[in-house]
Amino acid sequence: MHLPDTLRALIIDIVQEAGLREGLDRVTVEAPRDPSHGDFATNAAMVLAKPAGRKPRELAEEIAARLGQSDLVVAASVAGPGFVNLTLTQEALASVVRAAQDGAAFTALARSATPQKVNVEYVSANPTGPMHVGHARGAVVGDALASILELRGHTVTREYYINDAGAQVDVLARSAYLRYREALGETIDIPAGLYPGDYLVPVGEALAATHGRALVDQPEAEWLPVVRDVAIDLMMERVREDLAALNITHDVFFSERSLRQPEDLVAATVERLRRDGLIYEGTLPRPKGQSEEWEDREQTLFRSTQFGDEIDRALLKSDGSYTYFASDIAYHDNKIGRGFDRLVDVLGADHGGYVKRMTAAVAALSGGRVRLDCFMCQLVKLTRGGEPVKMSKRSGEFVTLREVVEEVGRDAVRFMMLFRKADAPLDFDFEKVTEQSRDNPVFYVQYAHARCQSVKRQAVEALGPQVIEGLADVSALSLTDEGERALMRQLATWPVTVANAADAAEPHRIAFALHELASTLHMQWNRGKDNSALRFVNPDDRSSTRDRLALVEAVRAVIAQGLAALGVMAPDEMR
RNA sequence: GUCCCCGUAGCUCAGCAGGAUAGAGCAACGGAUUCCUAAUCCGUAGGUCGCAGGUUCGAAUCCUGCCGGGGACACCA
């Protein structure tokens, strides 16, 4: 159990002994903003007073008195409307310094008591071209989220849904076919509506190499499936390469077409919904403001309104073919069938209207057993020196993910994408990110890690290699400086941060926590300039140096854990 | 017209599932380098938390209604 939880358990014990039962789950233990309020504070008295019919401050006094008797607590005082502020014993905080040095074991304290099987679907970019910067955000957020869920103890499958069955892959095939003829020496003209990007040139060449002129005189119905399959394969290969450049790999690539062949799983899912009475033939009401181009159409509809959607949704088009939504329902049905407790979709901002219907479908298909969470990534505004950089998939002039990674580096791309709440728009400026100034938080955090390593190197130089051995057993009782205690408090809350970030599905919390920890470390390092007694390495005092090295190592271990979860390198030295 | 997201310092954003005088970075101004990496740090200045109600001991945080910005809205994936 980590320290905040230990304290909370202690408080719950005390409070239960006093006969209080109601509202226990609202009791929290947090590190107050203002360190003069103590190391930790609890709201127990305030949330429990009302149901117990007691006065908050009076109850707080009682709790404080009992807490004061604990081995962990030096002082417990009542403040404000009924906070109980706790100052911890040196030993209590010292235990964190020892524990945190084993970063993995320490982070494992964040593991959930009820681990789940979770599927995280992310990226799922259409295989019609290389990925652009917008895709990078969903990719990074999804990947980091998956990692954080794993730290929380869940079993995670990282999944990519390949939209290889719709009209857009036919467009891809026609575009590739032109490139094929081009490769055979023809002069081609790419009409509007097809993909003009020259990334299809290699596809054309590959087709020419394997098929020669065989496809030239065939009717479209003959060559299209052939060209399409080749094009999709090559596009997906490219997608994987692009993702690899970001150090992202998926466990499962799920093909939309595999829902139709060899077995029609879409039909099976639709049938099941029909048996459950959730499907009917009907026409949708005309939306207001859509008066002009609207015509009433009889369609096969899913009763998503029964599960919180605003309107029922079409599963079959008027020509009898499935809608994209129908395929997607079948796909999620397949995921449910694979035994996941929780499904997560990381989506682009343009999929906002899709969330309610899919959530409804999952609720219907799983009988409410499986939860679907959709997380939206807002747009990335790409600029260079303040000037907007266009990225349009149609224009063929978009900035690809690969270009960005090659220009600014994987670490910077990943960290920048995560140093913002996913549902807030993101500004990404090439010049700022490549500047490598402190404007760029990734360097700030990486530098903190490198600095920890540097301190250890310096210590070895001054005091010999033994000075950094066996640090896991130090007493850490000499770490009484306010800055040192601040670091210890932040370390103590690390497992809580991980747990919260996982439960809220907000990877950016990890990034911010690391930034804060880095800041506190840099601060303490600099305080050693004014006051040499505070330096991490003191050649005249081997014992306190070892305590401080243990603290430094604990900070380093936590930063390393966090950066690893975000997929960012933790360097031993900068440059 | 409906739905979703956003509205916090000049700029870019945090604010941990309501808590104690609202935080950070950048920009501005003033400092710190014989000293473990100045890619760092310290200090000053800067905010009616979009507006108006409501819920309660307590609201930037929850609810309702407006205003403003972005996105999505039947056989497009």
Candidates [options] - which lies nearest the side chain of [X]:
X	options	value
A/Arg535	B/C36, B/C41, B/A77	B/C36
A/Phe536	B/C16, B/C36, B/C41	B/C36
A/Met574	B/A39, B/A20, B/C3	B/A39
A/Phe83	B/G19, B/U21, B/A77	B/G19
A/Asp427	B/G19, B/U12, B/C41	B/U12
A/Asn526	B/C13, B/C41, B/A17	B/C41
A/Asp423	B/U40, B/A20, B/C5	B/C5
A/Arg420	B/A14, B/U40, B/A20	B/A14
A/Lys356	B/C4, B/A20, B/C5	B/C4

For A/Asp350 and for A/Ala167, find the nucleotide of RNA chain B with the closest heavy atom, then tell me which residue's nucleotide is more 5'. A/Asp350
Comparing A/Phe325 with A/Met376, nearest RNA chain B nucleotide closer to 5' gives the residue A/Met376
Scan A/Ala41 against the nucleic acid and name what it touches under 4.0 Å (heavy atoms): base, sugar-phosphate only, or nothing. base
Looking at B/A38, does its base get a donor-acceptor pair with the side chain of A/Lys529 below 3.5 Å? yes
Measure distances between side-chain N and O atoms of A/Asp328 and base N and O atoms of B/A77, and say whether any donor-acceptor pair falls under 3.5 Å. no
Does one side chain, of [X] or [Y], offer a donor that lies under 3.5 Å from an acceptor on the other?
X	Y	result
A/Asp481	A/Gln524	yes
A/Asp572	A/Gln453	yes
A/Glu573	A/Tyr447	no

Any residue of residues 446-459 of chain A with a heavy atom less than 4.0 Å from an atom of RNA chain B: A/Tyr447, A/Arg451, A/Ser454, A/Gln458
Which residues, if any, of residues 506-513 of chain A bring a heavy atom under 4.0 Å of RNA chain B? A/His508, A/Arg509, A/Phe512
Mind checking whether A/Phe83 and A/His37 have ring centres under 6.0 Å apart? no
Should A/His37 be counted as stacked on B/A20, where stacking needs a ring-centre gap under 5.5 Å and an angle between planes under 30 degrees? yes
Using atom OH of A/Tyr324 as one end and atom P of B/A77 as the other, report the distance to the nearest whole Å. 9 Å
For a stem of at least 3 consecutive Watson-Crick or G-U pairs with distances under 3.5 Å, i pairing with j, i+1 with j-1 and so on, which stems involve RNA chain B? B:1-7 with B:67-73, B:10-13 with B:23-26, B:28-32 with B:40-44, B:50-54 with B:62-66
